[in-house]
Amino acid sequence: MRNREVARALKEIALLLEVEGKDKFKPRAYRRAMRAITSLGEDIEAIAKRDELTEIPGVGKAIAEKISSFLETGKIDLLERLRERVPVKVMELEAVPGVGPKTIKLVYDELGVTDLDLLEKAAEEGRISDLKGMGKKTEDQIKEGIQLVRVGLERKLLSEAMAVCEPIELYIAEIPGVRKVVTTGSLRRRRETVGDLDILVDAEDAAKVMDAFVVYEKVTDVSAKGSTKSSIRLEGGFQVDLRVIPSDSFGAGLQYFTGSVDHNVRLRAIAQNAGLKLNEYGLFRGEEKVAGSDEAEIYSILGLDYVPPELRENKGEIEAAQQGELPELIEHDDIRGDLHTHTDASDGSNTIEEMLDAADARGFEYFCISDHTQSLTIANGMDEARLQKCIEEIDDLNASGRWKPTILKGAEVDILADGSLDIEDEVLAQLDVVTVSIHSRMKDSKEVMTDRVCHALENKYVHVLGHPSGRLLLKRPEFEIDLERVFEVAKSNRVLMELNAAPSRLDLNAGNLRAARRMGLKVAINTDAHKIHELDFMSYGVYQARRGWLTKEDVVNTLPLKKLMRVLSK
DNA sequence: GCCGTTTTCGGCCCGACTGTTTTCAGTCG
């Protein structure tokens, strides 16, 4: 996937145009296209190949040509020319909090600053505070910002962000006079990774909330404190914004701060066309507020069904909501079991009994044990003989009647270099759920990888393709693979796609899930738990499924056992 | 540069906060 590279190039063009300062709408257009591509979820090269770049909102003929050029040659003429005219490392300067295009232009024009080192030098020498419109405080802020960039402000996994968020929400909830605390932004939309927290508060006394918020124990820096809005940084640089919104505007605030930006821009345009105005305080006709306290009411007045936060990405949810065609998204309670878990028979941490106790405690109706197979030696993968023993052990455990969930016999079988499997068919034939996964040769070319996976899916004993894209969020990109072809082969061989719920994977991504759904493929949401507490990853899987527009009907582990077994008996 | 149930030309989201300003520009979300 080269989406990120393309987005980066467009952003650099936008910034350079802004620094040049000739036209302020052109850079805005490039930024809009950049945002659309960032949240695409589908491989932009595939879209380019289909000649459908201009279907991306914000991408017209001119930008489409530049994207094509970038994909083919790695270059964009305009960008090259801009870099010559404005030889400034805009991307690294822009990363400094508090520094935007205008500041970049100023320090470049007046001080010849072209990169982070020169910016730091200028700040250290006090030359920035001498500039018009700049002062000592701004200079100090820039110095601190440079340190933050150097430390590396990165996004957090959704799971980590939620772990940071929870105690802060509790802390705020206990401030006297606080009526409601909701975290909005990308966390509420359940994005895979989160850059900062946006907390919304309904309280009697805003000032009291602000005072308490900025002295939260883990605060290292207060970057803003006003009467309704404050920003802090936590240890490690994670930013948390807090807003206090009046009760009768709380729903509008929720809507506004949940975003996404593009979803909100569309919504405000719909309001405008209806002679209304939408902002974080409410929906207004002239001076009169027609909605504000209730988020759903805003959608309703604008003629839309309520759009769940996970869908608010301007990816067709507005149109669907207008036509009453939003899918009824899967809920956590729909899940009846987990089809991919590990025990200490391979690289899991808990015994099969411990895992079963945990599954029982979670009220599962069925539970599949699927340890690794022999090629994954590092994970103590099983050969046929050990797997055979496992199968017999599970028969005994089921017979014991000790656990409520029916224990399903499974394995996570390795796909070898040539696409064959590392366990003999006669053993696979005895398993209830055969999941196949790639764990090796992840740098294979797209062609080879796609052939490998498709070949594996043609084995008649295979039920599920595990973590189909192989990515590790913030760590490892997806491997090169033509998922569209994989989906087709899966469909004709009645193979299910896994949505791996591990928060570091969330594999498939939302765009892939939608594509799979469109093709009529069924999905299994699995935790891939290696420890008992990882069974709780299921929530992240459900969030991701919702982001991928999946309904209960699209997900096989919402089925009662009998129906599930019918799906699995190919 | 993009886009259109007012428009193929003429618009382009907007409010809070900060800092450096006596009334506003820049950044951020």
Side-chain angles (χ1 to χ4, degrees), chain A residues 10 13-15 17-19 21-36 53-67 76 78 93-107 128-142 145 184-187 189 194-200 206 210 214 222-232 239-245 249 252-253 255-282 284 303 314 319 322:
Chain A
L10 295 179
I13 291 175
L15 273 166
L17 287 169
E18 279 163 338
V19 172
K22 284 184 191 155
D23 176 355
K24 67 181 200 174
F25 293 107
K26 234 187 254 192
R28 201 177 288 183
Y30 279 96
R31 277 180 187 276
R32 181 159 133 74
M34 180 269 291
R35 278 202 310 272
L53 284 172
T54 52
E55 314 230 326
I56 301 169
V59 176
K61 194 158 160 275
I63 292 184
E65 274 169 18
K66 292 181 176 73
I67 293 172
I76 300 173
L78 173 64
L93 292 178
E94 195 260 357
V96 178
V99 173
K102 295 291 156 93
T103 306
I104 296 175
K105 180 172 169 56
L106 183 69
V107 296
I128 288 177
S129 52
D130 291 341
L131 298 174
K132 184 161 181 274
M134 297 295 211
K136 193 84 194 76
K137 282 203 170 178
T138 309
E139 190 169 71
D140 288 343
Q141 192 188 314
I142 288 173
T184 60
S186 52
L187 185 135
R189 301 203 312 280
V194 173
D196 59 17
L197 300 180
D198 301 294
I199 303 178
L200 215 60
M210 294 300 155
V214 297
V222 178
S223 36
K225 180 174 180 243
S227 57
T228 65
K229 182 190 165 181
S230 294
S231 283
I232 58 170
Q239 181 169 316
V240 186
D241 296 338
L242 181 142
R243 285 257 189 172
V244 176
I245 296 267
S249 294
Q255 198 293 310
Y256 184 91
F257 290 108
T258 297
S260 65
V261 176
D262 292 326
H263 175 89
N264 285 359
V265 167
R266 290 287 311 277
L267 214 57
R268 279 196 289 272
I270 289 170
Q272 272 176 8
N273 287 338
L276 300 164
K277 193 181 87 165
L278 177 63
N279 61 27
E280 63 261 59
Y281 296 116
F284 298 88
N314 191 27
E319 291 76 5
Q322 282 175 323

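Here is how names work: the chains are called A, B, and so on, in the same order as the sequence lines, proteins then strands, and each is numbered from 1. Only this structure's heavy atoms are used, side chains among them; waters, hydrogens and symmetry mates stay out.
First and last contacts of DNA chain B with chain A, using any nucleotide atom under 4.0 Å from a protein heavy atom and ordered 5' to 3', fall at B:dG1 to B:dG29.
Rounded to the nearest Å, the gap between the P atom of B:dG15 and that of B:dT20 is 25 Å. Across the C1' atoms, B:dT8 and B:dC3 are found 9 Å apart, a figure rounded to whole Å. B:dC13 and B:dG29 are spaced 12 Å apart, taking the C1' atom of each and rounding to whole Å. With both ends at atom P, the span from B:dT27 to B:dT21 equals 16 Å, rounded to whole Å. Of the C1' atoms belonging to B:dG11 and B:dT7, the separation is 9 Å, rounded to the nearest Å.
Counting any heavy atom pair closer than 4.0 Å across all strands shown, A:R268 reaches a base atom. Nucleic acid contact class of A:P27 (heavy atoms, under 4.0 Å, all strands): none. Residue contacts for A:K137: at a heavy-atom cut-off of 4.0 Å it reaches the sugar-phosphate backbone alone, with no base atom in range. Counting non-hydrogen atoms under 4.0 angstrom, A:N264 reaches nothing in the nucleic acid. Residue contacts shown for A:F257 are absent, as no nucleic acid heavy atom lies under 4.0 Å away. Counting any heavy atom pair closer than 4.0 Å across all strands shown, A:S230 reaches no nucleic acid atom. Note on A:E18: nothing from the nucleic acid sits closer than 4.0 angstrom, heavy atoms only. A:S231 comes within 4.0 angstrom of no nucleic acid atom, judged by non-hydrogen atoms across all strands. Across all strands, A:K66 comes closer than 4.0 Å only to sugar-phosphate atoms, never to a base (heavy-atom distances).
Under the 3.5 Å distance criterion, the side-chain polar atoms of A:S249 are left unmatched by any main-chain donor or acceptor of A:A252. A:E139 places a side-chain N or O within donor-acceptor distance of the main-chain N or O of A:I128, the cut-off being under 3.5 Å. Under a 3.5 Å cut-off, the side chain of A:Q239 and the backbone N or O of A:D196 do not form any donor-acceptor pair. When atom types are taken as modelled, the side chain of A:R243 and the backbone of A:D198 share no donor-acceptor pair closer than 3.5 angstrom.
Using a 4.0 Å cut-off between charged side-chain N and carboxylate O, A:R31 and A:E18 make a salt bridge. Under a 4.0 Å N-O distance rule, the pair A:K136/A:D140 qualifies as a salt bridge.
Between A:L197 atom CG and A:T184 atom OG1 the span is 9.0 Å, to the nearest 0.5 Å.
Surrounding NZ of A:K225 are more than 12 heavy atoms belonging to other residues, nucleotides or ligands, all under 6.0 Å away.
With DNA chain B read from its 5' end, the first of the two nearest nucleotides for A:R35 and A:S223 is the one closest to A:R35. Nearest-nucleotide positions on DNA chain B place A:P57 closer to the 5' end than the other of A:P57 and A:F25.
Pairing for B:dG4 is with B:dC9, a Watson-Crick or G-U wobble pair whose two hydrogen-bonding atom distances lie under 3.5 Å.
The two atoms that bring A:N314 and A:R266 nearest to each other are OD1-NH1, 3.1 Å, heavy atoms only.
Of the residues in residues 128-136 of chain A, those with a non-hydrogen atom less than 4.0 angstrom from any atom of DNA chain B are A:G133, A:M134, A:G135, A:K136.
The side chain to side chain contact (heavy atoms under 4.5 Å, CB included) with A:I63 is formed by just one residue from the set A:I76, A:L53, A:L10; it is A:L10.
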